[in-house]
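Data first, discussion second: the structure below is written as C-alpha cells.
Chain A is the first sequence line, chain B the second, and so forth, proteins listed ahead of strands; every chain is numbered from 1. Nothing here was measured: the structure is a model prediction, and the numbers come from that model.
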Amino acid sequence: MARESAGAPVHITLVGNPNVGKSTLFNALVGANSRISNYPGITADSVIGEFFGAEQLRIVTDLPGTYSLHLDLPEAQLCHQHLKFDVPLQGQQQNLIIVVIEAVGFPRNFQLLAQLMALGVPMAAVVTKTAEAQLRGYQIQLPALEESLGIPVVEAAEKSAMRTLDVEALIATARIPTPVPGDQQSIEQWSSDLLAKTSLPVRPEQARRRRRRDDRLDRVLVHPIAGSLLFLLAMIIMFGSVYWLAQVPMEWIDVAFGTVGEWISTSMEDGPLRGLLVDGVIGGISGTMVFLPQILLLFFLISLLEETGYMARAAFVADRWLRPFGLPGQAFVPLLSSHACAIPGILCTRLIPDRRDRLATILVAPFLSCSARLPVYILMVGILAPANPLVAGCVFVGCYLLGAVVAVGSAGLVRKTLLTGPSLPMVLELPPYRLPSVRDAARIAIDRGWTFLKNAGSVILLICIVLWWLSAYPSTPEGPEIQALRVAAEAHSDPGESQLLLDQAQSLHLRESARGSYAGQLGRWIEPVLAPIGADWQLSVAVLASFAAREVFVSSLNVMVGVNAEEAAGSSIARIRASKRDDGSPLLPPAAAGGLLVFFILAMQCLPTLVVTSREAGGIRWALLQLIWMTSVAWILGVLTRQWMLAAGFSG
Amino acid sequence: MNEFPLSDPQFWWVTLFAVAAVVLLIVKRVRQSDDQDQNGSCGGCSSK
C-alpha cells in the first residue's frame, strides 16, 4: 500500500568522486540493488529512488562519480546540469546534497568539495573507507573536518556500515557551508590547510610493512605471464569448487520438486489440469530453481575475491590483453559488468569518451557470459563432464574464456574494418589487499539469488505455462498402429506381455501427440536450421523459446520432455538427460551438447539487450549487425564443435 | 487429424491459464521497458 508523505518531499542528491561508495549508500537508503563494484564508473547515469523517513518522502538521486563539475566528460556535465539547474528548480521544497568523501586518496575529493560548497545548498558529508585509510597509515579527524567544512560529517568505516548510518540526523542537521573563494590559488591554499588540520598519521611503520607486502604480491599477481596464469588457475578452482559443492543441494531441490510432482500425480485424476500443474508449473520452476545453489555459490566466491582486492589486479592483467584488439582500457568495466548482465555493461559504455571505442564495446559486450546462461552451462557441462569436478571446472572456465576470446576477436575485427582509429589507456588505482567480509559476500549472493528466484517465479513460469499448452494441443487421436497394439494387448493371455504392448502403444501415442502439437510443428519447421549443431525438434523449440530470454531454455526443455515423458514426474535434470528423440536415441548426446553449448555461449539470445544496443549505439542497424554477427558466429562454431566431437568419437 | 477436447471443462481452464500467461507476459514486457529506461537491467539476469 502506498504511504502518504506528511509534507513536501525532501530531495537528496548523492555526489562524490568515482568509486567512493555513492551507490552503496544509495542502496542502503532505498534498498535497491544497483550494481556496486570495486571499479569506478558503475553508475553511468543518474539513478533515482525513494524512501520514507520521519513520515516524509525522501527522493534520492545518485549521480555518477566525478572529480570536478567542470570537466569535459559526460558524467561531469550530467552532475553540473543536475546541481546547477535541477536542484534550484526544486524551489521551496527541502533539498540537500550528501557529499560522499573517500578517506583513501583524501585530497582528491577537495576540488569537487569546494565547487559544491559554492552552490549555496544545504550539505552533509559521509566519509567512507576510513578503515582502509588506517591500513594505509593515516586517519581522518572527523570533528576537525566538521568544523572546517561547517557541515555535519559522519563516518562509514566499511561498506556494511552504510546500512546503520543515521541519515535522518544528517538530514535534520544539514547546513549551507561557507563558500571557498573561487580562484584556483585560494582553493589550493584551502585544500592544503584542510589536509593539515584533518589528516593525521597512524601506525606509519605498520602501513609501510603492509605496502611492502602488497608490492611483493603485486609483482606476481599483475605480472604479464604469471598474473595471467594465476588468474586462469583462480577461475578454474573457483568454478570447479562451485560445481562440486553445489551437487548435494541441487539434488535436494531436484528430489523435493520430484516428490511434489509425484504426490500431485497420485492425488489428482489424470487430465489437462494435472498435466499443466505437474509438467508446466512444477517442471518449469524446478528447471530453474535447481540451479540456485550454483548461482549463490558463484556470486559468493566472486564477491569474496572482489573484496580481497584481487579482482582489481585481474582488471589490470586483462587490460594488457584488451589493448592489442583495439579496445580501450575503459572497456574493461563495461565488459566485466556484462558478466552479470549485458545491459548495465552496455549502459556503462557511456563513460567511454571515444565514439568508435564505445560502439566496438557495445557490439561485443553480449558475447561475455551473463548469469542467464549459467543454467544452460550447468546442464551441458554435466553431460560433457559427469562426476568430475576438475574437468567440469575447466569446461566452465572454457565457456567464459570462449565468450571473452570471441568478444575481443570481434572487437579487433570491427576496429580494423568499420571503426578504425587509436584507443586510450586505462588508469586504475589498486586497492590494498585485505581479508574479505563473509557476511557482505553472503548478502550479495542472497540478493542475486533472490533476483534470480523472482524471475523464475514470474517470466519463466508464464513462458512454461504457454509452452505446456503449445506442447499439449492440438491432441492427436490414436492411429491404426496404436489401436492395433491395444487390441493385441487385450487379446494377449500373458499379463506381462499385455502390459508391454500397452506401454508401447502409450509411448507411440505420446510421441505422435508431441509431434502433432503446435510446439512440435514449430520445432520440426526450424529443426533443419538447428540440426547441424545437434538439435532435434524438441531442442529447437527450447532454443526458439530462449530467444526472448536465455534462462528459459532449461525450463522449456523440462516442460517439453515432461509432456512427452512416459513417467509423469521425476528429477528434472535426470529427466532431461534421460530423454529420447523420436528415433529412440538420447536427446542430448555429448557431441550435440557440445555444439549447443558453444551456440549458447555466443548466440545473441536476449531481446532486451538488442533494444538497449539500438538505443545506446544510436540506430537499429547496430542491433541488427550484433544479432546477425553473434548468431552466425554461434552457429558456425557450434557446427564445427559438433563435427570435431563426432570425429573424435563422441556420439551425437 | 488433430483435435481439441472442446467438451472437457479442464481444457477450457488450461486454455484460460495459457491466455492469462500471454497477457501477463506482454504487460511484464512493457513494464520492463520502463525499468530499463530508469535503471538498466534485462530482468533476466541477476544484476541491475
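- Closest of all the heavy-atom pairs between A:Pro272 and B:Phe11 is CG-N, 4.2 Å.
- Taking the side chain as every heavy atom from C-beta outward, B:Phe17 and A:Leu273 approach each other to under 4.5 Å.
- A 4.5 Å side-chain heavy-atom check between A:Trp469 and B:Val19 finds every atom pair outside the cut-off.
- Each of A:Leu374, A:Leu277, A:Ile465 has some count of heavy-atom pairs under 4.5 Å with chain B, and the biggest count is that of A:Ile465.
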Discussion item. Run B:Val14 and A:Trp468 through side-chain contact (heavy atoms from CB on, under 4.5 Å) and show every step you take.
Written reply: CA-CA 9 Å; B:Val14 291; A:Trp468 177 86; 3.8 Å; yes
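- Atom CG of B:Leu25 is separated from atom CG of A:Leu462 by 4.5 Å, given to the nearest 0.5 angstrom.
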